[in-house]
Amino acid sequence: MSRTAGRRPRRLTRWWRRRSLRARLTVIAATAIAVSVFVAFQVASELLAWQLRDTVEEQLRADARVLATNAERAGLAQVELPPYPGSGRLVRVILADGSIRTPAGQPVLPPVSENAGRVARGASPDLLESNGGDEEGYAVYTLRAGGGAVQVARVVDDGPVNQFGFGMLLIGLLCVAGGALVGRTVARTGLAPIDRLTSAAVRVAHTRELDADIPDEGGGEIRRLIQSINDMLAALRDSRQAQRLLAEDAAHELKTPLTSLRLNVELLIRLDRRGTLDSALPAESRTRLLNDLGAQVAELSTLVAELTDLARGDVSDESTEVLDLADVVVAAATRAESRMPDIEVALDVTSVWVNGRPAALERAVLNLIDNAGKWSPADQPVQVRLRAEGESVVLEVDDAGPGIDAADIPRLFDRFYRADSARGLPGSGLGLSIVQRVVDAHAGRATVARSARGGALLRVDLPAAAPPARVARPTTGEDTAVS
């Protein structure tokens, strides 16, 4: 029994959830009107019944006082009781001995109650009570008079209340039907912008056309919803454009090293098939060719790794933490020196704290040092400086190379961009682009200028963070010098 009772609310809930919003609004409007009409009917019926009862009681009291006055004058046994006219009030006289008198032709009233008898005996001055049978009831008022009592009664008529209730029922049904119609009309009108918005979204999903914005209409929540969807479409357009540019740039950048690698490998295969590999390529030439192949494979590996890093866009996937950026810089410098043994890295770093992602920041610093190492002469170190400046942390990497042309500065951080002077150097043109992406993810700023040594000065500004409570900030002047 309890299981069946528990299933019904769930079925009702599922049925309600399957209804459309328009149907829900229609049902809600009709239900609200029906409840309002029912409450109004109950209140109005109670007020009407109360008013009718009050009127009947006042009339009974007035008629009883008149009859009692006449009885006091003429006596209960002699007071004149006119014949019953066929409608209206009913009267009865209760004599001192308990007998009764009634007008001729009057319907029989219910027997005198015990409480009414007490009034006739003088135990109580008056009494209002309701007596009735199965078909009709009476409101009877008993008043002490002349050693006995007089009674005035009226039939309790529920006809006006019933008629009023029937009228209210008809009005309620009309209101419910009208409310359902109005609710459906309002729902259709109010949801029209959402219907058009849904159609536009379905059209975009089917055609995959992201260029056309959804027309802005309506106001309030509808306008905000349309603007949000248009913003989403704009973000999707930008994402699609970025993917297309990445694919085009990747194809362009991969084509040159792949072509060179393919030609060298085909040369080796062709000479090997002819059996002239040793005679056509002396040991020195073979060594140079194999070194070229190794360099080309390394360049391809670096390019693929950087492309994967850019395509994944996983800077934000790494959790942030409060860290000492000096540790990150030292680790990146150590990796750079192991990758470029001929390049010296001179560090002048101070312990400064940032809220960041360690691996992403180390990759950015490593790319800055790698970029500077390509241009620095063998006898000139790459200088890396880290310090606090106001509420920011400043990282500077400079080299003693030829510097950057003013025309190249605006595009220096663009993806795959390489200056004309850098075409002959190894690299993919993605290193500084990755730096820019990491800096942006940390709410920082990357700039380029000319260093005091004539080369390029790359500067990164990041928001500073308070050090952890358990770690004390080093005293000013306690720098770490590593080379």
Q: On a heavy-atom basis, which atom in His442 and which in Pro463 lie closest, and how many Å separate them?
A: O-CD, 3.4 Å
Q: Taking all heavy atoms of Val397 and all of Ala372, pick out the closest pair and write down the distance.
A: CG1-CB, 3.9 Å
Q: Restricting to non-hydrogen atoms, name the atom on Gly444 and the atom on Asp440 that form the minimum distance, rounded to 0.1 Å.
A: O-OD1, 4.3 Å
Q: Can you confirm whether Glu391 is buried at CD, in the sense that more than 12 heavy atoms of other residues, nucleotides or ligands lie under 6.0 Å from that atom?
A: no
Q: Please check if the side chain of Ser451 supplies one atom and the backbone of Asp399 the other of a donor-acceptor pair under 3.5 Å.
A: yes
Q: Shortest non-hydrogen contact from Tyr141 to Asp126?
A: OH-OD2, 2.7 Å
Q: Which donor-acceptor pairs under 3.5 Å do the side chains of residues 54-62 make with protein atoms, sequence neighbours left out?
A:
unit_1 : atom_1 : unit_2 : atom_2 : d
Thr55  : OG1    : Gln51  : O      : 2.9
Gln59  : NE2    : Asp63  : OD1    : 3.1
Gln59  : NE2    : Asp63  : OD2    : 3.4

Q: Side chains of Ser351 and Asp324 only: does a donor on one sit below 3.5 Å from an acceptor on the other?
A: yes
Q: To the nearest 0.5 angstrom, please state how far the CG atom of Leu458 sits from the CG atom of Asn371.
A: 6.0 Å
Q: Taking the side chain as C-beta and beyond, is there a heavy-atom pair between Val438 and Arg357 under 4.5 Å?
A: no
Q: Could you tell me whether Glu266 and Arg270 have a side-chain N and a carboxylate O separated by less than 4.0 Å?
A: no
Q: What do the steps show when you test Asp348 against Gln383 for side-chain contact (heavy atoms from CB on, under 4.5 Å), and what is the final call?
A: CA-CA 8 Å; Asp348 180 12; Gln383 294 185 354; over 6 Å; no
Q: What is the minimum heavy-atom distance between Ala332 and Val365, and which atoms define it?
A: CB-CG1, 3.6 Å
Q: Could you give the distance from CD (Glu362) to CG (Asn367), rounded to the nearest 0.5 Å?
A: 11.0 Å
Q: Starting at CH2 of Trp353, measure out to CG of Leu325 and round the result to the nearest 0.5 Å.
A: 10.5 Å
Q: Quick one about Asp231 and Gln227 (side-chain donor to acceptor, distance below 3.5 Å, no hydrogens or angles considered), yes or no?
A: no
Q: Can you name the closest pair of heavy atoms from Ile343 and Gly373 and give their distance?
A: CD1-O, 3.6 Å
Q: Is there side-chain contact between Leu462 and Leu361, with heavy atoms separated by less than 4.5 Å?
A: yes
Q: Rounded to the nearest 0.5 Å, how far does CZ of Arg459 lie from CZ of Arg385?
A: 10.0 Å
Q: When you measure from the side chain of Arg453 to the backbone of Asp398, do you find a donor-acceptor pair of N or O atoms at a distance under 3.5 Å?
A: yes
Q: What is the distance from atom CD of Glu396 to atom CD of Glu389, rounded to the nearest 0.5 Å?
A: 7.5 Å
